[in-house]
There are 2 protein chains.
Amino acid sequence: MASTKEPDSSRRSDRSRRAIHDAALALVGERGYRRTTIEAIAARAGVGKQTIYRWWPSKAAVLMEAFLDLAARSAEEAGPQAGGEHGIPDTGDLAADLKRVLRATVDELNDPALEGPTRALTAEGVVDAKLGAEFVEKLLDPQLALYVTRLRAAQEAGQLRADADPRIALELLVAPLTHRWLLRTLPLTHAYADAIVDLALGGLTSRP
Amino acid sequence: MASTKEPDSSRRSDRSRRAIHDAALALVGERGYRRTTIEAIAARAGVGKQTIYRWWPSKAAVLMEAFLDLAARSAEEAGPQAGGEHGIPDTGDLAADLKRVLRATVDELNDPALEGPTRALTAEGVVDAKLGAEFVEKLLDPQLALYVTRLRAAQEAGQLRADADPRIALELLVAPLTHRWLLRTLPLTHAYADAIVDLALGGLTSRP
DNA sequence: AAGGCAAGACGATACGTATCGGCTTGCCCG
DNA sequence: CGGGCAAGCCGATACGTATCGTCTTGCCTT
């Protein structure tokens, strides 16, 4: 028993880890997820295959960590009051604030540099429940939480129905964008984001 | 040129095709998409590997066709006025009609027999644009078209804002369900479907 | 000197192709 | 008519390639 020898993480090479992150992101962007092999990642990173197998359980896990690392670094660079990641602005105008954030999300989803890895990771999570849970917990939920706080503020300001669950309301706003992007049903544009905000806030029912 | 000899489809064995469909669906349900191999499908179907490679370009294509066939057959069985596939009911009560259909969709998405293959196919479409387009065209769009007609009827009955694009309004209703199911953020229940309908129709904004 | 490191050999699968008789199908010739 | 004959799909299987994940070997950092 207990033959599962855990490697000593204190001796781990941070240099190799970063090189593997970079190589993984680059290769997935260039050739797609399916066609990037562990061996290719190792070769590009100038690293032995075993160094990857020692520290990661799967190709998807490598990519996930690379992604998290990238997000953490770009968040750090961006500083406290950055563009679209560190909280949703509250100017008092809920519709305008939401449009601003959703437009930024549209731009992010349409960014060709991020599209490949993001699609790969999402698709993997759709099929692999374990990885999907990690994806949701570490990447998606923190972002959605920002909406919850902003929507709660709107609720306290009397701009949002008191009986609306912010967690559900948020999905009404975000899910349509995700839907178009993931399934590629129709183009994902700023105009679409605006339309979603207007319809979601105003409601579909006609009023006198 | 023209050395691409197309096989003669008139001599194709329908028996083999069905066996392959069934085997593919069963194996994907049992072992997941990644771990079902073409060779295993052939073995289970009692079919030569080449018979699969002769008629299908990829594993995903086999599954897609199997799925379409299944949908077509179950639609046929269900008859003209079946549960949830052949048009959205129009009782005059838009909210009730939508809840009925979305609840049925929830049940379908939660059906363990269909979950495996559907996830596999969707995930493949997320990554493979060509397959995704086929998936949308042959499976998703026809279903969404039903919403468009129902919503247009509601619009003519004065129950839906005249300035709302039905194609976008539909996404407000359907996307949240897809979102929860695909990403597994929270449980997908009838109560959630009802909440979505109420919020989408009534709007998020508080009213006097 | 202990252990992670780069490099790569290795067995195990799965892929997609090629080929083999066997069997059905449709056509030709007697 | 009707027996044979070519064509072509069928199940089956051998084959070479690609990738996997493990294992081994020295080197080099710590």
Side-chain angles (χ1 to χ4, degrees), chain A residues 2-24 26-28 30-66 120 123-124 127-128 130-131, chain B residues 2-24 26-28 30-66 120 123-124 127-128 130-131:
Chain A
S3 66
T4 45
K5 266 192 293 184
E6 297 276 322
D8 182 349
S9 61
S10 71
R11 308 192 63 155
R12 183 172 181 179
S13 161
D14 202 57
R15 191 181 165 287
S16 293
R17 168 161 58 193
R18 301 222 168 200
I20 289 165
H21 284 173
D22 295 345
L27 282 173
V28 168
E30 287 172 19
R31 326 183 27 178
Y33 182 73
R34 306 310 272 273
R35 295 189 197 180
T36 69
T37 68
I38 298 259
E39 306 199 24
I41 295 174
R44 164 90 58 122
V47 140
K49 252 200 319 180
Q50 189 61 28
T51 299
I52 297 183
Y53 283 111
R54 177 155 37 231
W55 299 110
W56 289 277
S58 69
K59 186 168 66 176
V62 174
L63 197 55
M64 166 88 80
E65 198 184 286
E124 202 63 19
V127 163
D128 179 345
K130 189 167 152 53
L131 186 89
Chain B
S3 68
T4 44
K5 267 194 295 185
E6 297 276 319
D8 182 349
S9 60
S10 71
R11 308 194 58 158
R12 184 171 181 180
S13 160
D14 202 59
R15 190 181 165 288
S16 295
R17 166 161 59 193
R18 301 222 168 199
I20 289 166
H21 285 172
D22 295 344
L27 282 173
V28 168
E30 287 172 19
R31 327 183 30 179
Y33 182 75
R34 307 309 273 272
R35 295 188 192 178
T36 67
T37 67
I38 298 261
E39 299 188 82
I41 295 174
R44 165 91 57 122
V47 140
K49 248 200 321 180
Q50 193 60 262
T51 300
I52 297 182
Y53 283 111
R54 179 153 40 226
W55 299 110
W56 289 278
S58 69
K59 188 167 66 175
V62 174
L63 198 56
M64 166 87 79
E65 197 184 286
E124 202 63 19
V127 163
D128 179 345
K130 190 169 151 51
L131 186 89

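Proteins come first, then strands; the chains are lettered A, B, ... in the order of their sequence lines, and each starts at number 1.
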Quiz item: Counting heavy atoms not belonging to A/Arg15, are there more than 12 under 6.0 Å from its CZ?
Solution: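 No, the 6.0 Å shell around CZ holds no more than 12 heavy atoms from other groups.
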Quiz item: So, is B/Ser16 near the phosphate of D/dG11, with a side-chain N or O under 4.0 Å from OP1 or OP2?
Solution: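 Answer yes for this pair, as a side-chain N or O of B/Ser16 is under 4.0 Å from OP1 or OP2.
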Exercise. State whether B/Arg54 places a side-chain N or O below 4.0 Å from either non-bridging phosphate oxygen (OP1 or OP2) of D/dC9.
Key: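 So the side chain of B/Arg54 is outside the cut-off, no N or O lying under 4.0 Å from OP1 or OP2 of D/dC9.
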Exercise. Give a yes or no answer on whether the side chain of A/Lys49 reaches the backbone of A/Ala43 with a donor-acceptor pair at less than 3.5 Å.
Key: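 Between the backbone of A/Ala43 and the side chain of A/Lys49 there is no qualifying donor-acceptor contact (under 3.5 Å).
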Quiz item: Counting distance only, does the side-chain N/O of B/Lys59 pair as donor-acceptor with the main-chain N or O of B/Thr36 below 3.5 Å?
Solution: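 Yes; judged by distance alone, with no hydrogens or angles, the pair exists.
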Practice problem: Look at all strands and tell whether A/Trp56 reaches a base, only sugar-phosphate, or nothing, counting heavy atoms closer than 4.0 Å. | Solution: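 Touches nothing.
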Report the distance from atom [atom1] of [X] to atom [atom2] of [N], rounded to the nearest whole Å.
X       : N      : atom1 : atom2 : result
B/Ile20 : D/dC10 : CD1   : C1'   : 11 Å
B/Arg34 : C/dT13 : CZ    : P     : 18 Å
B/Ile38 : D/dA12 : CD1   : P     : 16 Å
B/Ile52 : C/dA14 : CD1   : P     : 14 Å
B/Arg35 : C/dC15 : CZ    : P     : 14 Å
A/Asp14 : C/dG4  : CG    : C1'   : 14 Å

Quiz item: Can a donor-acceptor pair under 3.5 Å be found between the side-chain atoms of B/Lys49 and the base atoms of D/dG11?
Solution: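 Check fails, no donor-acceptor contact within cut-off.
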Self-check item: Within-4.5 Å side-chain heavy-atom neighbours: B/Ser9 and B/Trp55
Solution: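 Contact flag for B/Ser9/B/Trp55 side chains = yes.
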Report the nucleotide, chosen from [options], that has the shortest atom-to-atom distance to any side-chain atom of [X].
X       : options                : answer
A/Trp55 : C/dC15, C/dG4, D/dG21  : C/dG4
A/Glu39 : D/dC20, C/dG16, D/dG11 : D/dC20
B/Thr51 : D/dC9, D/dC20, D/dC10  : D/dC10
A/Gln50 : C/dG8, D/dC20, C/dT17  : C/dG8

Exercise. Tell me which of B/Gly48 and A/Ala40 sits closer to the 5' end of DNA chain D, going by the nucleotide each one is nearest to.
Key: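 The residue closer to the strand's 5' end, by nearest nucleotide, is B/Gly48.
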Quiz item: If you measure from CG on A/Leu63 to CG on A/Leu27, what distance do you get to the nearest 0.5 Å?
Solution: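 So the CG of A/Leu63 and the CG of A/Leu27 are separated by 10.5 Å.
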Self-check item: 5' priority, DNA chain C, between B/Arg11 and B/Tyr53 [closest heavy atom]
Solution: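 First, find each residue's nearest nucleotide; the 5'-ward one identifies B/Tyr53.
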Self-check item: Residue whose nearest DNA chain C nucleotide is more 5′ - A/Ser13 or B/Lys59
Solution: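 Nearer the 5' end of the strand: A/Ser13.
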